[in-house]
Amino acid sequence: MKIALYSRPEMLHDPEELNELLQTLQAYGIHYSVNAGFAEVIAACTGRRLPCERMYTSAPAEDIEMIISYGGDGTFLDTVRLLDTRPVPVLGINYGRLGFLANVSKSNIGEAVRDIAHGNYRREERLLLEVTGDFGRSVDYPYAFNEFSLQKNGTAMVSIEVSIDGELISNIQGDGLILSTPAGSTAYALSVGGPIVAPTCPGFVLAPIAPHNLTVRPMVLPADCRMQFRIVSRTDEAIATLDSREFVVPSGSRFTVKKAKKSAFLVTLQNISFYRTLRDKMMWGLDSREFTK
């Protein structure tokens with residue numbers, strides 16, 4: 001089996017955990033390659049110097065069967081973008097706190113690699129957003145795994161005209177709006193009051209950010225709709241984002257968003273589910289009465 005590893009080189013990595021990851025991959029006969037920046041970290045932390053053929057710079061080899069993201073949810077999003085819509089599944093090992101995307105704890109590295117080697121995992125599809133519009137510069141990856149957002153740039157609020165399949169829905173005034181995928185519903189959209197959507201539900205969440213009119217509420221939209229947005233700012237500029245990428249755009253910019261033709265794919269281990277992650281992350285399984293004793 002051939003896999004790739006990806007991690008942000010600026011992260012603080014633990015030598016013992018890196019050794020465990022690499023030794024376990026080797027023990028199960030898994031051939032791996034790593035991004036060049038991570039290879040330098042591995043060499044500095046563990047003394048393991050990988051040959052050039054085990055490293056990649058811009059993208060991993062075409063024949064890999066899986067890629068492991070080693071970091072947090074931000075690293076996971078980088079990994080999805082690195083694949084550039086190639087149908088390679090991503091496994092997220094979380095180096096820090098438990099994440100919704102990188103949902104394998106670093107303490108379970110050995111078990112995760114064993115399950116991969118034995119084929120004890122599921123390959124799950126996740127939809128992507130495709131966005132076109134006035135970004136002000138060329139966008140080499142016009143997709144978002146979590147969300148697309150339009151926001152104010154400064155203190156003055158913005159006005160965003162929203163149309164669905166050519167029909168005007170609303171003119172949202174406030175700090176902006178978020179259009180999230182089901183996978184992104186537990187990220188930024190959740191923090192502004194959007195609903196949690198199971199990742200296999202085919203739809204999007206449209207969530208306003210601090211709306212001036214409090215009757216404007218989050219909406220769940222079908223995945224086959226086409227959404228148009230026009231943002232007007234009291235200043236000359238506003239902000240558009242695709243996941244963690246930020247673009248300064250002129251006031252009056254227009255954007256069209258639809259479901260991408262290609263999807264992203266995740267690796268889900270047998271003992272991990274979205275609902276289990278919800279219980280752990282949100283602490284829904286805890287009895288609040290335990291804290292009042």
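Positions are given from 1 along the sequence. Remember, it's a predicted structure, so these values are computed and weren't measured experimentally.
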- Query: How are the rings of Tyr70 and His13 set relative to one another: parallel (under 30°), tilted (30 to 60°) or perpendicular (over 60°)?
  - Reply: parallel

Which heavy atom of [X] sits nearest a heavy atom of [Y], and at what distance?
X: Ile3; Y: Ile64; value: C-CG2, 4.1 Å
X: Thr75; Y: Arg8; value: OG1-CD, 3.6 Å
X: Asn35; Y: Ser7; value: ND2-O, 3.0 Å
X: Val232; Y: Ser251; value: CA-OG, 3.5 Å
X: Ala36; Y: Thr57; value: CB-CG2, 4.3 Å

- Item | Qualifying salt bridge (charged side-chain N to carboxylate O under 4.0 Å, His left out) pairs with a residue from residues 134-157, counting only residues at least two apart or across chains |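 Only Lys152-Asp175 qualify under salt bridge (charged side-chain N to carboxylate O under 4.0 Å, His left out).
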
- Query: Would you find a donor on one side and an acceptor on the other, under 3.5 Å apart, between the side chain of Ser185 and the backbone of Val197?
  - Reply: yes

- Query: Do Asp73 side-chain atoms and Ala102 backbone N/O form a donor-acceptor pair below 3.5 Å?
  - Reply: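 Side chain of Asp73 to backbone of Ala102: a pair is present.
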
- Query: Considering the options Phe247, Phe135, Phe229, which one meets the ring-ring contact (aromatic ring centres under 6.0 Å, His included) requirement together with Phe255?
  - Reply: Phe135

- Compute both the distance and the angle, then confirm whether Arg54 meets the cation-pi test with Tyr32: under 6.0 Å from the six-membered ring centre, within 45 degrees of the axis.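 Yes.
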
- Task: Just grab all the side-chain hydrogen bond (donor to acceptor under 3.5 Å, both in side chains) pairs involving residues 225-238, residues at least two apart or on different chains.
- Result: Ser233-Thr235

- Query: Do Arg245 and Arg81 have side-chain heavy atoms sitting under 4.5 Å apart?
  - Reply: yes

